[in-house]
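Reading through the structure tokens given below for one structure.
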Amino acid sequence: MRIGVIGCADIARRRTLPALAAHPGVRLAAIASRDPAKARRFADLFGGDPVTGYAALLERDDVDAVYVPLPAALHAAWVERALRSGRHVLAEKPLTTSAADTEALVALAASRGLALLENFMFLCHSQHARVRALVADGAIGEVRGLTAEFAFPPVPADSTLYRPDLGGGVLTDAGVYPLRTALLHLGPGLEVRGAHLRIDEEHGVDVSGSALLAAPGGATAHLTWGADRAYRSRYALWGSTGRIELPWAFTPPATHRAVVRVERRDRVEELTLPAEDHFAGAVAAFVARVRDGAPSVLEGAALVEQARLVDRVRRAAPAAPAAPTTAGSPGTR
């Protein structure tokens, strides 16, 4: 599968492009940047032709699919253009900055028979499937609550996280991890019972937040995220007879052997899993979806449900910043 890359983000260089280059069923055909020198540097590292300008990449006839690691506010426009050009798309998260744009793009991809996946790589790690299997087997009884936390220290001042015009803010950068975790384990239909976003007044973006959610069955989720504190990346499910915790849930390196901690009244058990690269898992899921039509947790209705939940959290937070605007909704550009 011949893949073109639209954008040269740091996450692409560090994690996704190495996974794409290593997959035996993928060939990197071209890498586009507005900066010719940056396109050349990335092409020298990972292969493919350097291309100046994103539109020029979509004009090539040797690209079957595209990977889009642009700033969040640019996703909707370029994902739409890629889909309308007949290309399958793997986009960095968040797919867009609004539920309306996400819903429109998911519908567009479906109408054209194209794959559209959001690179929410943590969902492709087996530790989450193990947690779901343990819950299904009754390891902790009925789930009553979930806590999830993802935070890290402040990032460099020139980061797009501090650029509201580029879709900055930590809700869509880090908050989406706890929110997606709640959807994964508690299911759709979550109600936002309370939310808070702390705003950095200098930059006009949210730098931390929290939310209280309620599931239709009565379980609750307490979620916290931020870019203003010590690193933390974990979640726990609390059931009627026990508790399951993942100490390194969202950003484990490829060499990490994940630990699933199961606490019951009379014993504590720690299950250690083999090391794995969840970026490689997301790439494999994309290739399988394009080649074989294999359904993926990274596509479809789940993306829309997540985007709607993000919108509801933003609306529920007092004095929250407005969602970043794009150059129009899909289908109107």
Side-chain angles (χ1 to χ4, degrees), residues 1-9 11-12 15-33 39 42-43 46-49 51 53-72 74-96 101-124 277-304 306-307 326 329-331 333:
M1 186 167 70
R2 302 168 299 177
I3 292 184
V5 181
I6 297 179
C8 295
I11 187 64
R15 301 300 300 271
T16 310
L17 283 177
L20 282 166
H23 193 287
V26 167
R27 179 171 69 84
L28 286 171
I31 299 179
S33 173
F42 273 59
F46 302 109
D49 296 334
V51 176
Y54 309 142
L57 186 138
L58 294 178
E59 294 170 359
R60 296 173 65 104
D61 59 8
D62 62 345
V63 172
D64 305 310
V66 297
Y67 163 54
V68 182
L70 294 169
L74 304 181
H75 282 188
W78 286 103
V79 169
E80 181 187 359
R81 290 181 69 166
L83 291 171
R84 293 194 182 280
S85 75
R87 273 52 175 252
H88 305 281
V89 177
L90 173 65
E92 275 303 331
K93 57 83 191 160
L95 176 60
T96 78
D101 277 355
T102 294
E103 188 170 1
L105 290 176
V106 168
L108 176 62
S111 71
R112 294 182 170 237
L114 295 169
L116 172 60
L117 275 65
E118 183 181 35
N119 193 26
F120 234 133
M121 70 295 167
F122 90 93
L123 294 169
C124 296
D277 181 357
H278 55 188
F279 281 89
V283 167
F286 182 55
V287 173
R289 174 64 179 81
V290 172
R291 281 186 165 178
D292 308 318
S296 172
V297 69
L298 304 177
E299 66 174 344
L303 275 63
V304 176
Q306 173 187 303
T326 60
S329 299
R333 297 182 191 85

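Since we're looking at a predicted model, the values are computed, not measured.
To the nearest 0.5 angstrom, Leu298 atom CG is 4.0 Å from Cys124 atom SG. Once rounded to the nearest 0.5 Å, the distance linking CG of Asp101 with CD of Glu80 reads 8.5 Å. One distance of note links CG of Leu83 with CG of Leu108; it measures 5.0 Å at 0.5 Å rounding. To the nearest 0.5 Å, atom CD1 of residue Ile6 and atom CH2 of residue Trp78 are 6.5 Å apart. Atom CG of Leu303 is separated from atom OG1 of Thr96 by 9.0 Å, given to the nearest 0.5 angstrom.
Shortest non-hydrogen contact noted between Ala9 and Pro69 is CB-O, 3.0 Å. Taking both residues in full, the closest heavy atoms of Val290 and Ala115 are given as CG2-CB, 3.9 Å, listed atom of the first, atom of the second, then distance. The minimum heavy-atom distance between Ala285 and Ser296, with the atom names listed, is CB-OG, 4.0 Å. A pairwise comparison of heavy atoms in Gly7 and Leu70 identifies CA-CD2, 3.8 Å as the closest pair. In plain terms, the two heavy atoms of Gly47 and Ile31 that are nearest each other are O-CD1, 3.7 Å. Closest approach of Cys8 to Ala32, counting heavy atoms only: SG-O, 3.8 Å.
Here the side chains of Met121 and Arg15 are not in contact, with every heavy-atom distance at 4.5 Å or above. Put simply, the side chain of Val89 does not reach to within 4.5 Å of the side chain of Leu105, judged on heavy atoms. Between Leu17 and Leu28, some side-chain heavy-atom pair lies under the 4.5 Å cut-off. Taking 4.5 Å as the limit, every side-chain heavy atom of Arg87 sits out of range of all side-chain heavy atoms of Leu114. Taking the side chain as every heavy atom from C-beta outward, Arg112 and Arg84 approach each other to under 4.5 Å.
Residues satisfying the side-chain contact (heavy atoms from CB on, under 4.5 Å) criterion with Ala302, sequence neighbours excluded, are Arg180. When the ring-ring contact (aromatic ring centres under 6.0 Å, His included) test is applied to Phe279, no partner is found at least two apart in sequence or on another chain. Every residue two or more places apart in sequence or in another chain that forms a side-chain contact (heavy atoms from CB on, under 4.5 Å) with Ala65 is listed here: Met1, Ile3, His88, Phe286. Checked against side chain to side chain donor-acceptor pair (under 3.5 Å), Thr16 has the following partners two or more places apart in sequence or in another chain: Tyr67, Glu92, Asn119. Remark: Arg81 pairs with no residue by the salt bridge (Lys or Arg N to Asp or Glu O under 4.0 Å) rule, at least two apart or across chains. For Phe122, the ring-ring contact (aromatic ring centres under 6.0 Å, His included) partners are Phe120, His128, Tyr177, Phe250, not counting sequence neighbours.
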Pairs under 3.5 angstrom only: tabulate donor-acceptor contacts from the side chains of residues 53-61 to other protein residues two or more places apart or in another chain.
{"unit_1": "Arg60", "atom_1": "NE", "unit_2": "Asp62", "atom_2": "OD1", "d": "3.0"}
{"unit_1": "Arg60", "atom_1": "NH2", "unit_2": "Asp49", "atom_2": "OD2", "d": "2.7"}
{"unit_1": "Arg60", "atom_1": "NH2", "unit_2": "Asp62", "atom_2": "OD2", "d": "2.8"}

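Judged as a side chain to side chain donor-acceptor pair (under 3.5 Å), the pairs with a partner in residues 280-292 (not counting sequence neighbours) are, in order, Arg289-Glu299.
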